[in-house]
Amino acid sequence: MENNIYLDHAATTPIDPRVYEAMQPYFTEKFGNPSSIYQTGQIARNAIERARLEVANILGALPDEIIFVAGGTESDNLAILGVARANQHKGKHIITSKIEHHAVLHPCEQLQREGFEVTYIPVEKNGIVDPEKVKDAMRDDTILVSIMYANNEVGTIQPIAKIGRTCKKRGIPFHTDACQASGALPLNVDKLHIDLMTINGSKMYGPKGVGALYIRKGTPIKPIMFGGEQEKKLRPGTENVPGIIGFTKALQLAEESREKESARLTDLRDYMIKEILTRVPRTELNGDPIQRLPNNVNVSVLEIEGEALLLRLDMKGISASSGSACTSGSLDPSHVILALGKTHFVAHGSIRFSLGKSTTKKDIDYVLEVLPKIVDDLRAISPIIV
Ligand SMILES: Cc1ncc(COP(=O)(O)O)c(C=O)c1O
């Protein structure tokens, strides 16, 4: 293929070679089981504990408050199911938002089947959760609030410090899904008033299938899986040692380059949004123009199907997404775009470009060059009647 322009970093990122290098010995010579008491095991154990300390330092937390898990979905499930089930004697009401990832929404639906009540806070037109609405939804029997840090589809950054402060005042545990935030936003759990935070490796140039859950000391939580004693029994099973080492190295690198890379991507993002809206008629930006992840461009191109556009872009060597990667394969419009108050018609034409470390202005200019023609062609054959 002539061009290969990857603009789907919100789905996943390639592993940084420094991360790969840090992981390698733990596949081969340092292969021990961290639970074994002989030296080979202890080498792996020490590496995990050093990693835990490093992650804790970045989050401004204690090492004891970090649980390594198998990715963002597992972390969200543990936080939501674990805290709800541990606190049900105090109440059975949970608050979340309509634009959460399915890794949060589906455990909430499971809890509803178990007799819990869930309030789904709507978002404003710009995709932001109003902290006042969260505050107004709080009740004496509210036992958990879960609002994501940054949205994976439209990139909106939520006012989680404000929400966290209210939760703290009311003594309600506050969970945030920060899978899209690492490398872009500060992660200090005290400054953000967070009790539980989900992060994963695959969006920050780390390995897939590994992540962490931060759990503030004293937060009641029950396991959702049963087996060995690992990770304080909250994540039983032999630890994914290379994964944990890679996850930690990726987080370290993401934090080091956060400010500089965010500034670079913000400029590229704003350029791309402005030019798409100018060069392609009948397009709308989804999400907030400012309170937005530095790498997220999400637009609805009216009168066409996002999937058709994706395929045509792919033929030109451009990888993008028509929503969350987890929902591709289904033709239902994105629940996030619908939550912004947009019609099915507008939601169907949504497309997300998510920029990353390798993205250059030249890449963006290439997309801007080919996109208007593809849209014209698709509109000419579009079966959608306005
Ligand atoms: C906001 C958010 N939460 C959770 C997840 C799920 O993470 P994982 O794929 O590591 O299970 C993702 C990944 O797409 C995400 O973007």
Side-chain angles (χ1 to χ4, degrees), residues 6-15 19 55 67-82 96-110 123 127-129 146-158 160 175-185 187 192 194 196-214 224-225 235 237 240 243-244 246-248 250-251 254 286-287 291-298 319-330 334-337 339 350 352-356:
Y6 183 77
L7 293 175
D8 204 13
H9 292 82
T12 195
T13 48
I15 288 205
V19 170
V55 173
I67 300 293
F68 289 117
V69 297
T73 302
E74 196 179 284
S75 178
D76 282 335
N77 272 259
L78 176 58
I80 289 162
L81 300 175
T96 187
S97 84
K98 285 195 170 173
I99 59 160
E100 299 298 312
H101 192 274
H102 285 141
V104 166
L105 292 176
H106 290 174
C108 285
E109 286 164 19
Q110 174 56 29
V123 291
I128 309 244
V129 176
S146 179
I147 304 287
M148 71 200 318
Y149 197 169
N151 182 267
N152 46 300
E153 291 192 42
V154 293
T156 43
I157 300 169
Q158 305 303 333
I160 57 162
H175 167 249
T176 195
D177 176 341
C179 285
Q180 296 286 339
S182 47
L185 304 172
L187 296 176
L192 297 166
I194 289 164
L196 301 114
M197 181 159 76
T198 288
I199 357 176
N200 64 359
S202 65
K203 322 283 182 189
M204 55 177 189
Y205 307 91
K208 298 172 187 41
V210 59
L213 178 63
Y214 158 77
I224 56 168
M225 285 198 283
R235 206 290 169 178
N240 173 3
I244 291 169
F247 166 82
T248 305
L251 183 62
N286 293 315
Q291 287 304 314
R292 174 177 207 104
L293 284 172
N295 73 339
N296 178 290
V297 174
N298 188 314
S319 313
S321 160
S322 62
S324 147
C326 325
T327 56
S328 61
S330 132
S334 147
H335 69 284
V336 176
I337 312 282
S350 76
R352 177 189 72 187
F353 299 99
S354 45
L355 288 43

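Atoms within each ligand, like the ligands themselves, are counted from 1 in listed order.
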Requested in this report: Let me see the working for S146 and H175 under side chain to side chain donor-acceptor pair (under 3.5 Å), right down to the final yes or no.
Outcome: CA-CA 5 Å; S146 179; H175 167 249; 2.8 Å; yes
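Remark: ligand 1 and E74 share no N or O pair separated by less than 3.5 Å (distance only, no angle test). The shortest N or O to N or O distance between M148 and ligand 1 is not below 3.5 Å. For ligand 1, one of its N or O atoms has an N or O atom of N200 under 3.5 Å away. Checked by distance only, ligand 1 and Q180 come closer than 3.5 Å through their nitrogen or oxygen atoms.
Within ligand 1, counting atoms from 1 as listed, the ones closer than 4.0 Å to a heavy atom of D76 are 3 (N), 4 (C). If you number the atoms of ligand 1 from 1 as listed, the ones under 4.0 Å from a heavy atom of C179 come out as 1 (C), 2 (C), 3 (N), 4 (C), 15 (C). Close contacts between ligand 1 and G72 involve ligand atoms 7 (O), 8 (P), 10 (O), 11 (O) [criterion: under 4.0 Å to a heavy atom]. Ligand 1 places these atoms under 4.0 Å from at least one heavy atom of G71: 10 (O). Residue N152 has at least one heavy-atom neighbour below 4.0 Å for each of these atoms of ligand 1: 1 (C), 16 (O). In summary, the atoms of ligand 1 found under 4.0 Å from a heavy atom of T73, numbered by their order in the structure, are 6 (C), 7 (O), 8 (P), 11 (O).
Note: F68 and F247 have perpendicular aromatic rings, judged against thresholds of 30 and 60 degrees for the angle between ring planes. Using the six-membered ring where Trp is involved, Y6 and H9 have ring planes that are perpendicular, over 60° apart on the 30 and 60° scheme.
Contact between E100 and ligand 1 is absent, with no heavy atom of the residue lying under 4.0 Å from the ligand.
Contact annotation: for N151 versus ligand 1, there are no heavy atoms closer than 4.0 Å.
Using a distance-only test at 3.5 Å, with no hydrogens or angles considered, no donor-acceptor pair links the side chain of T198 to the main chain of L213. Using modelled atom types, no side-chain atom of S319 and backbone atom of D8 make a donor-acceptor pair closer than 3.5 Å. Between the side chain of K208 and the main chain of G201, no donor-acceptor pair closer than 3.5 Å is present. No donor-acceptor pair closer than 3.5 Å links the side chain of T176 to the backbone N or O of A178. Counting only distance, with no hydrogens or angles, the side chain of T12 and the backbone of S202 share a donor-acceptor pair below 3.5 Å.
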